[in-house]
Amino acid sequence: MSINITFPDGAIKQFDAPITGIEIADSISSGLRRNSVAITVNGEQWDLTREITADATVDIITRDTDAGLEVLRHDAAHVMAEAVKELYPETQVTIGPSIENGFYYDFAREEAFTPEDLIAIEARMKEIVKRNEAIVREVWDRDDAIEYFKGIGEVYKAEIIADLPESETITVYKQGEFLDLCRGPHLPSTGILRDGFKLTKLAGAYWRGDSNNAQLQRIYGTAWSDKKQLKAYLRRMEEAEKRDHRKLGKALDLFHMQDEAPGSVFWHPKGWAVYQAVQQYMGVKQYERGYQEIKTPQVVDISLWEKSGHASKFGDDMFTLSTDDRDYAIKPMNCPCHVQVFNQGLKSYRDLPLRLAEFGSCHRNEMSGALHGIMRVRSFVQDDAHIFCTEDQIQEEVKEFIDFLHEVYADFGFDQIVYKLSTRPEQRVGSDEDWDRAEQALEQALNDNGLEWDLQPGEGAFYGPKIEFSLKDCIGRLWQCGTVQVDFSMPGRLGAEYIAEDGSKQVPVMLHRAILGSLERFLGILIEQHAGALPAWLAPQQAMVATIVTDANDYAQEVLKALRNAGIRAEVDLRNEKIGYKVREHSLQKIPAILCIGKREAEEGTVAVRRFGSKAQTVMPLEEFIEQFQTEIDDKQLSVTEQTSAS
RNA sequence: GCCUGCAUAGCUCAGUAGGUAGAGCAACUGACUUGUAAUCAGUAGGUCGUUGGUUCGAUUCCGACUGCAGGCUCCA
């Protein structure tokens with residue numbers, strides 16, 4: 001019997017059935033056969049060795065594509081599990097998927113794996129690849145599968161199968177002595193994995209992601225189509241590490257943290273200069289967009305947090321104190337305080353939308369394991385604002401906000417933004433009708449802005465759904481910064497109301513929103529994004545005046561004064577050192593402009609400018625430099641190259 | 001909070017198979033007046049995170065605690 005196989009380019013070829021993916025690949029070219037790892041058959045991913053018995057549309061998956069890498073990574077996880085079972089037979093295997101850049105497998109074992117074990121496991125994996133064991137797919141009866149895995153002591157596997165929907169076909173893959181439940185697809189044999197993998201780290205992970213369950217041992221690895229790709233990836237990771245904000249924060253003398261104040265930042269003069277630049281920028285932008293800035297108290301009676309619902313949901317994570325028989329909490333967030341400001345005086349529908357903003361200092365007793373540099377801290381400042389409005393105004397306000405956020409992120413040099421819509425969680429306040437309307441409003445706003453977004457069911461705040469705006473950092477980690485949340489419940493709980501057009505009392509809708517999120521976290525991301533070399537408008541020290549000879553000291557002081565008068569953050573280096581030494585030091589500090597001053601410059605009233613990232617020096621009159629540099633700062637130019645191309 | 005690992009000079013790191021530690025840079029002193037990524041010489045600097053235990057003796061071995069790192073969980 002012959003069947004028609006349709007290829008991605010529309011070509012149709014006849015084959016004698018049954019035929020396998022590997023035979024199809026071979027019929028096209030030996031190169032394709034060598035590089036193929038799986039095949040898409042009528043939209044479903046199949047093993048290359050699985051027989052195709054009827055007409056089908058196929059697409060051969062090669063090892064260098066995203067789908068191919070996923071297959072390789074999944075196989076790497078299986079090979080790792082096989083290696084672990086060979087070396088430590090008492091270990092139980094659970095699940096092992098492919099992930100971005102690699103794979104992991106979760107194991108249950110009494111004894112902890114050590115870093116030395118990883119080396120042994122990796123070596124055994126290489127052996128298994130060398131053995132080139134055939135990987136065979138088998139369809140099993142559900143109960144037989146459960147019995148089998150129970151029989152060999154793999155209770156986790158048995159549990160997974162028992163929980164699979166009845167309709168699911170139970171497939172088992174066999175390689176050598178190792179048998180694993182898996183949907184596939186997999187490589188025809190272990191040898192095809194080749195040597196582009198490496199085990200990277202050891203971690204704990206809860207069974208089924210629930211902290212009430214047993215903790216398993218997770219081994220992470222990275223896997224690529226070949227060794228060259230692997231090496232390139234490892235180099236990328238090394239580069240990324242150099243950008244780490246904790247390293248740069250120390251090297252550039254921006255901030256420090258110490259044992260006595262875990263999760264809190266000591267900002268040094270230079271770091272604080274950046275912090276201030278960011279905050280002042282936001283203040284101006286908010287004013288331009290119709291926000292009014294306020295400031296609310298740090299220590300507030302616990303009763304307010306009980307009314308708002310925060311105490312019951314986050315009580316354990318709040319810093320509390322009592323004095324004079326009264327219980328207080330250090331504010332973990334600003335919203336209830338903002339409602340208090342709204343509640344002062346009688347509000348009219350004419351006052352809406354009312355946009356109250358605060359650089360609100362908040363404290364949260366985050367779990368010790370959650371802390372991470374200045375990205376996740378216990379003491380932080382939010383660029384927080386709450387918009388009190390009518391239901392009709394939600395759409396427009398959210399749309400406005402998204403536009404605002406895009407403008408801000410672009411100014412800071414971010415163009416990769418990930419949008420997520422988080423909907424009602426299990427533990428929540430407010431009626432289902434309110435949640436329906438709130439979720440709809442946000443979804444509408446995202447779609448109206450033509451944005452691509454992911455849904456995160458159940459991830460909303462306890463008082464309302466939210467859109468999360470995340471930025472991708474240099475290591476590819478996603479950091480949530482901006483957010484906008486629709487809240488139908490808190491204003492009512494805290495007694496907010498306004499007089500409507502018809503004279504009736506109405507409860508306003510409250511939009512919670514932030515663009516930077518936490519300033520601490522945002523600065524961390526900013527440092528990593530720019531590898532510490534902040535654009536001139538954000539740099540802590542924008543210009544450094546460095547003298548070549550002591551005779552130029554007086555003129556250098558004049559230059560410093562002129563720069564500072566022009567609003568430029570400048571310093572002067574009069575030390576008795578060689579100019580090469582000074583240039584090196586200030587270049588390492590990534591200062592955007594170094595102005596070298598020697599005898600010639602002093603006589604001519606010029607400066608010799610050396611820009612960060614360039615070895616070239618340009619001698620120009622002081623006034624010209626100031627004018628040019630000021631424009632660069634005012635326009636928030638992101639790089640000098642942009643400046644030259646723009647002018 | 002949980003799992004694994006780590007904690008030595010201001011910084012980056014070495015070291016001690018148990019006998020109280022060393023380099024480079026930085027700091028300080030002196031000389032050098034210098035033209036674009038490190039001038040030379042000298043000096044000083046450490047309860048080896050805290051705290052118990054084992055030992056004649058612990059920075060080193062064991063335990064607890066604190067902090068940090070990578071994950072997991074959490075993130076108003």
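Residue numbers begin at 1 in each chain, while the letters A, B, ... track the order of the sequences.
Q427(A) comes within contact range of no nucleotide atom at all, as no heavy-atom separation falls under 4.0 Å. Nucleic acid contact class of R376(A) (heavy atoms, under 4.0 Å, all strands): base. Y104(A) comes within 4.0 angstrom of nothing in the nucleic acid, heavy atoms only. D551(A) comes within 4.0 angstrom of no nucleic acid atom, judged by non-hydrogen atoms across all strands. Using a 4.0 Å heavy-atom cutoff across all strands shown, H372(A) reaches sugar-phosphate atoms only and no base atom. Within 4.0 Å of A251(A), counting heavy atoms only, lies no atom of the nucleic acid at all. Using a 4.0 Å heavy-atom criterion, one finds that L588(A) contacts the bases of the nucleic acid, with or without backbone contacts as well. Across all strands, E577(A) comes closer than 4.0 Å to base atoms (heavy-atom distances). Here R218(A) lies in heavy-atom contact (under 4.0 Å) with sugar-phosphate atoms only. Base contact: Y206(A) has a heavy atom under 4.0 Å from a base atom. Heavy atoms of G598(A) sit under 4.0 angstrom from at least one base atom. Using a 4.0 Å heavy-atom distance criterion, G315(A) is classed as making no nucleic acid contact. Counting any heavy atom pair closer than 4.0 Å across all strands shown, A370(A) reaches a base atom. If you check every strand for non-hydrogen atoms under 4.0 Å, K247(A) touches nothing.
A salt bridge is defined here as a Lys NZ or Arg NE, NH1 or NH2 lying under 4.0 Å from an Asp or Glu carboxylate O, and E239(A) with K242(A) meets this definition. Salt-bridge formation is detected for the pair E585(A)/R575(A): a Lys NZ or Arg NE/NH1/NH2 atom is positioned less than 4.0 Å from an Asp or Glu carboxylate oxygen. Using a 4.0 Å cut-off between charged nitrogen and carboxylate oxygen, D317(A) and K313(A) do not count as a salt-bridge pair.
Closest-nucleotide positions on RNA chain B for Q480(A) and P262(A) were compared, and the one nearer the 5' end corresponds to P262(A).
In this entry A69(B) has U4(B) as its Watson-Crick or G-U wobble partner, both defining distances falling under 3.5 Å. Pair check for G63(B) finds U51(B); Watson-Crick or G-U wobble, both atom distances under 3.5 Å. Pair assignment for A44(B) gives none, since no Watson-Crick or G-U wobble pairing has each distance under 3.5 Å. For C74(B), there is no paired nucleotide, since no Watson-Crick or G-U wobble pair has both relevant distances below 3.5 Å. The base-pairing partner of A23(B), taking Watson-Crick or G-U wobble contacts with both distances under 3.5 Å, is U12(B).
Nucleotides G5(B) and U36(B) are separated by 44 Å at their C1' atoms, to the nearest Å. Across the C1' atoms, C13(B) and A21(B) are found 14 Å apart, a figure rounded to whole Å. Atom name P, nucleotides U29(B) and G19(B): the rounded distance is 38 Å, in whole Å. Comparing G52(B) with U59(B), their C1' atoms are spaced 16 Å from each other, to the whole Å. The P atoms of G18(B) and G24(B) are separated by 28 Å, rounded to the nearest whole Å. Between A7(B) and G46(B), the two C1' atoms lie 15 Å apart (nearest whole Å). Look at the P atom in both U73(B) and C3(B): the space between them is 15 Å, to the nearest Å. Between U16(B) and C56(B), the distance separating the two P atoms is 25 Å to the nearest Å.
Between Y581(A) and A26(B) there is a side-chain polar atom (N or O) within less than 4.0 angstrom of OP1 or OP2. Residue R610(A) places at least one side-chain N or O closer than 4.0 Å to OP1 or OP2 of A37(B). An OP1 or OP2 oxygen of A26(B) is reached within less than 4.0 angstrom by no side-chain nitrogen or oxygen of R575(A). OP1 or OP2 of U12(B) has at least one side-chain nitrogen or oxygen of K250(A) nearer than 4.0 Å. Side-chain nitrogen and oxygen atoms of K582(A) include none within less than 4.0 Å of the OP1 or OP2 phosphate oxygen of A38(B). The side chain of R584(A) contributes no N or O atom lying less than 4.0 Å from OP1 or OP2 of U36(B).
Residues F342(A) and H386(A) keep their aromatic ring centres 6.0 Å or farther apart. Between F103(A) and Y105(A), the distance separating the two ring centers is not shorter than 6.0 angstrom. For H310(A) and F462(A), the gap between ring centers is short of 6.0 Å. Close placement of the Y419(A) and F469(A) rings is indicated, their centers lying within 6.0 Å of each other.
Listed nucleotides: G35(B), U33(B), G71(B). Nearest to the side chain of A203(A): G71(B). Distances from the side chain of T550(A) to the nucleotides U33(B), G35(B), U36(B) place U33(B) closest. Of the candidates A37(B), A76(B), U36(B), the closest approach to any side-chain atom of D317(A) belongs to A76(B). Of the candidate nucleotides C75(B), C72(B), G70(B), C72(B) has the atom lying nearest to any side-chain atom of A205(A). Each of A76(B), G70(B), A37(B) was ranked by its minimum atom distance to the side chain of P332(A); first place goes to A76(B). Nearest to the side chain of A608(A), among G67(B), U36(B), G5(B), sits U36(B). Comparing U36(B), U73(B), G70(B) by their closest approach to the side chain of K201(A) singles out G70(B). Distance from the side chain of Y220(A) is smallest to G71(B) among U39(B), G71(B), A76(B). Among the nucleotides U36(B), A38(B), U73(B), the one closest to any side-chain atom of V583(A) is U36(B).
Side-chain contact annotation: D117(A) with Y88(A), donor-acceptor N/O pair under 3.5 Å present.
Distance alone, capped at 3.5 Å, is enough to place a donor-acceptor pair between the R611(A) side chain and the P592(A) backbone.
Heavy-atom distances under 4.0 Å link RNA chain B to R364(A), M367(A), S368(A), G369(A) of residues 357-369 of chain A, given in residue order.
Within 3.5 Å, no donor on the side chain of Q258(A) pairs with an acceptor on the base of G49(B), nor the reverse.
Surrounding NZ of K295(A) are more than 12 heavy atoms belonging to other residues, nucleotides or ligands, all under 6.0 Å away.
Just one residue in the list K466(A), Q485(A), E439(A), Q456(A) forms a side chain to side chain donor-acceptor pair (under 3.5 Å) with S422(A), and that residue is Q456(A).
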